[in-house]
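Working notes, structure below.
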Amino acid sequence: MGRFPERLRDHRSGLGVRLFKSNDMFANQGNGAATAGLQSASVVVENPLGEKFPFGEKFGEWFDHWRDELADVEWVPDLGRDIGSMVWFRGLGTLVLLCSVAISCLPDFGPIAGHQNAPLIGSQADQARSQMIAPLAYGSDTGISMAATDAVRPLAESPERPSIELVATLGRGDSLRRVLQRAGVAGNEAGEVTDLIAEAVSVRDIKPGTKIDVTLGRRQDRNQPRPLDQLAFRARFDLNLEVLRQDGKLKLQRKPILVDDTPLRIRGVVGSSLYRSARAAGAPAGAVQKYLQVIGKKLSVSRDIRATDEFDIILSYRRAETGEVEVGDLVYAGLERDSKPKAQMMKWNSGGRNNWFEASGVGQSSGQLVRPTNGRRTSGYGMRRHPILRYKRMHSGIDFGGGYGAPIYAVTDGTVTFAGRKGGFGKFVKIKHSGGLASGYAHMSRIAVSNGRRVRQGQIIGYIGSTGLSTGPHLHYELYRNGRTINPNSVKFVQRAKLGGRELRRFKGELERLKNVEPGAALGALKSASRRPAENREISRLNKPLNS
């Protein structure tokens with residue numbers, strides 16, 4: 001007589017493991033098959049497949065049956081298939097259960113409790129505090145404190161210090177008088193000191209951050225401010241000022257500081273990189289950048305400078321005998337090729353403005369484009385009545401007056417794209433520049449360039465005339481951006497300056513002085529340092545022989 005578990009195993013071996021069973025499979029199995037093979041069962045339990053077995057069977061057989069049933073269930077199915085089915089939800093439940101168990105088993109990342117010393121209390125704490133080095137705010141002491149005896153008597157009032165020395169700092173936007181008053185100087189004395197200092201230097205010229213040493217004397221009454229005994233500070237790079245009280249009055253003493261203002265000259269070979277070579281020679285980074293900007297207005301740094309060329313950089317430089325150094329701005333930028341000057345640019349103040357001038361005395365101020373001619377403007381950009389056609393139309397440029405034959409300059413570097421006659425423009429030249437810009441020059445009397453030629457900023461490209469539709473000699477100047485005319489007033493012109501007469505002689509004299517400075521001469525020893533007498537030390541006196 002067969003048992004239910006054996007039949008169930010046989011049934012599975014024939015059909016294989018299935019996730020779902022069809023109705024036909026249930027019909028073929030039949031009902032009551034298990035009851036035919038089981039004898040004398042008082043209680044009958046129906047299994048999930050519809051078969052029945054007696055409850056009185058051995059528990060081991062029943063356990064084996066359900067163990068096999070659960071082993072055949074697919075608990076970890078592929079969640080990418082049969083989404084939404086019972087098998088898929090069973091797999092999802094298994095995943096959630098495993099994740100929950102893994103999270104619950106995570107270790108604690110907190111610190112591991114170790115051995116801790118018991119806190120000190122009582123006399124032990126007092127003894128430890130007296131021996132440790134710690135801020136007073138944390139309760140430390142320096143040595144063991146001793147209580148006062150009966151021999152110590154409290155003072156009615158503590159004595160004042162005979163003098164107080166402090167340092168005050170002049171802040172940005174602050175005044176010298178307010179700084180002295182905050183330091184404890186009386187208002188009338190602060191005003192008197194300010195007037196004394198103003199006799200030597202302008203108080204406004206004192207740089208913010210200047211340290212002022214103040215010494216306050218003894219006062220007669222605690223309710224009165226302390227009198228000023230001494231005040232000293234550095235007013236300028238070459239001047240120290242000191243205010244002293246002598247015979248009850250404040251007096252000013254000037255203490256000049258010897259300053260060497262020899263310019264710092266740096267020379268070297270360009271090599272593979274002009275910037276790196278200049279930096280390696282000792283030039284500051286800001287000075288090298290300014291040098292490249294100045295030379296770039298005269299030459300193309302990428303095309304016109306060779307590796308064998310020599311750069312020449314001169315900076316304003318000041319050294320005080322006290323050791324301080326001030327590195328100023330770039331004053332000269334030069335470039336030599338085969339021991340001959342390729343570019344010489346010097347900074348010069350002309351008409352109240354600092355400009356860079358060539359060795360010949362011709363210079364330029366800041367701006368994008370130079371003026372196309374030196375004449376004055378006679379007509380602007382916009383709608384106007386044409387002087388010849390007698391009707392209003394757009395005037396797409398600017399007119400510059402000038403004498404017949406006056407030179408016309410290229411406003412910036414570019415390539416000539418047209419040079420010849422062009423209708424009402426007469427003799428006309430058009431130059432293409434970088435950045436989508438182009439410029440046009442009309443009514444010339446003579447053209448000095450040819451089509452396709454490369455021109456430099458400030459180069460003469462023609463001469464003023466009256467060709468085409470013109471009522472007199474003048475220059476009609478146009479500016480184009482991406483092929484369309486724009487208002488030339490929207491672009492700033494560079495004003496060309498030229499020195500002459502006495503100013504030109506002074507300019508060339510200063511240029512010659514700078515070029516005569518030896519490289520590195522500013523780094524030598526100061527003359528005052530060599531003349532300073534040796535200090536008379538006490539040990540030197542002891543080594544001297546006694547006079548008989």
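Note that the structure is a prediction, hence the values are computed from the model and not measured.
Between the side chain of R318 and the backbone N or O of V325, no donor-acceptor pair lies under 3.5 Å. The main-chain N or O of G426 is never found under 3.5 Å from a side-chain atom of T467 such that the two would form a donor-acceptor pair. E310 places no side-chain N or O within donor-acceptor distance of the main-chain N or O of L335, the cut-off being under 3.5 Å. Between the side chain of R279 and the main chain of A283, a donor-acceptor pair closer than 3.5 Å is present. The closest donor-acceptor contact from the side chain of T210 to the backbone of I206 lies at 3.5 Å or more, if one exists at all. Between the Q457 side chain and the V411 main chain, a donor and an acceptor come within less than 3.5 Å of each other. Between the side chain of K427 and the main chain of S445, a donor-acceptor pair closer than 3.5 Å is present. In this structure, S396 contributes its side chain and Y381 its backbone to no donor-acceptor pair below 3.5 Å.
With sequence neighbours left out, the salt bridge (Lys or Arg N to Asp or Glu O under 4.0 Å) criterion links R219 to E160. With sequence neighbours excluded, the residues that form a salt bridge (Lys or Arg N to Asp or Glu O under 4.0 Å) with D312 are R265, R267.
Counted within 6.0 Å of CZ on R178, heavy atoms from surrounding residues, nucleotides or ligands total more than 12; the atom is thus considered enclosed. Counting non-hydrogen atoms of neighbouring residues, nucleotides and ligands closer than 6.0 angstrom, the CG atom of D338 reaches no more than 12 such neighbours. Counting non-hydrogen atoms of neighbouring residues, nucleotides and ligands closer than 6.0 angstrom, the CZ atom of R182 exceeds 12 such neighbours.
In this pair, F425 and H443 present their aromatic rings perpendicular. The plane angle is above 60°, beyond the 30 to 60° band.
Interatomic distance, CG of D205 versus CZ of R236, reported as 8.5 Å (0.5 Å rounding). From E165, atom CD reaches atom OG of S163 across 5.5 Å, with rounding to the nearest 0.5 Å. Distance CG/D238 to CG/L258: 9.5 Å, rounded to 0.5 Å. Here the straight-line distance linking atom CG of N349 with atom CG of N355 works out to 8.0 Å at 0.5 Å rounding. The CG atom of L244 sits 9.0 Å away from the CG atom of L250 when rounded to the nearest 0.5 Å. Atom CD of Q253 is separated from atom CG of L196 by 11.5 Å, given to the nearest 0.5 angstrom.
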Step by step, would you call L241 with V201 a side chain to side chain contact (heavy atoms under 4.5 Å, CB included)?
-> CA-CA 9 Å; L241 293 181; V201 296; 4.0 Å; yes
Given the rule in the salt bridge (Lys or Arg N to Asp or Glu O under 4.0 Å) test, do K432 and D413 qualify, once you have shown the distances and angles that lead to the verdict?
-> CA-CA 8 Å; K432 181 181 179 181; D413 298 348; over 6 Å; no
Any chance you could lay out the side chain to side chain contact (heavy atoms under 4.5 Å, CB included) test for E192 and V243, step after step, and finish with the verdict?
-> CA-CA 10 Å; E192 184 179 355; V243 178; over 6 Å; no
Take L315 and V331 through the side chain to side chain contact (heavy atoms under 4.5 Å, CB included) test and state the conclusion after the steps.
-> CA-CA 6 Å; L315 308 173; V331 296; 5.9 Å; no
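Checked for salt-bridge contact, D260 and R319 meet the test: a charged N lies under 4.0 Å from a carboxylate O. K298 has a carboxylate O that lies under 4.0 Å from a charged side-chain N of E358, or vice versa, which qualifies the two as a salt bridge. Note on D247 versus K249: no salt bridge recorded, every NZ/NE/NH1/NH2 to OD/OE distance being 4.0 Å or above. The pair D304-R456 counts as a salt bridge, with a side-chain nitrogen and a carboxylate oxygen less than 4.0 angstrom apart.
Contact check for R218 versus R161: no side-chain heavy atoms found under the 4.5 Å cut-off. In this structure, the side chains of P263 and L514 come closer than 4.5 Å at one or more pairs of heavy atoms. At least one side-chain heavy atom of I408 sits less than 4.5 Å from a side-chain heavy atom of M444. Using a 4.5 Å heavy-atom cutoff, the side chains of I461 and V416 are not in contact. The shortest side-chain heavy-atom distance between P372 and Y409 does not fall under the 4.5 Å cut-off. Contact annotation: the side chain of M346 approaches that of F507 to within less than 4.5 Å [non-hydrogen atoms, C-beta and beyond]. The side-chain heavy atoms of I197 and L176, taken from C-beta on, include a pair separated by under 4.5 Å. Taking 4.5 Å as the limit, some side-chain heavy atom of V455 sits within range of a side-chain heavy atom of I431.
With no hydrogens or angles considered, no side-chain donor-acceptor pair links Q293 and Y291 at under 3.5 Å. Checked by atom type, the side-chain pair K211/T169 shows a donor-acceptor distance below 3.5 Å. Between the side chains of S439 and Y441, at least one donor N or O sits under 3.5 Å from an acceptor N or O.
Pairs engaging residues 501-521 under the side chain to side chain donor-acceptor pair (under 3.5 Å) rule: Q344-K515, W348-E503, S350-E503, E510-R513 [sequence neighbours left out].
Just one of K251, K255, R254 meets the side chain to side chain donor-acceptor pair (under 3.5 Å) condition when paired with E242; it is K255. Checked against D399 for a side chain to side chain donor-acceptor pair (under 3.5 Å), the options R377, R376, H476 give a single hit: H476.
Taking the centre and axis of the six-membered ring of F237, the NZ or CZ atom of R234 falls inside the cone set by 45° and 6.0 Å.
Here the closest heavy-atom approach between residue S450 and residue A419 is recorded as C-CB, 4.2 Å.
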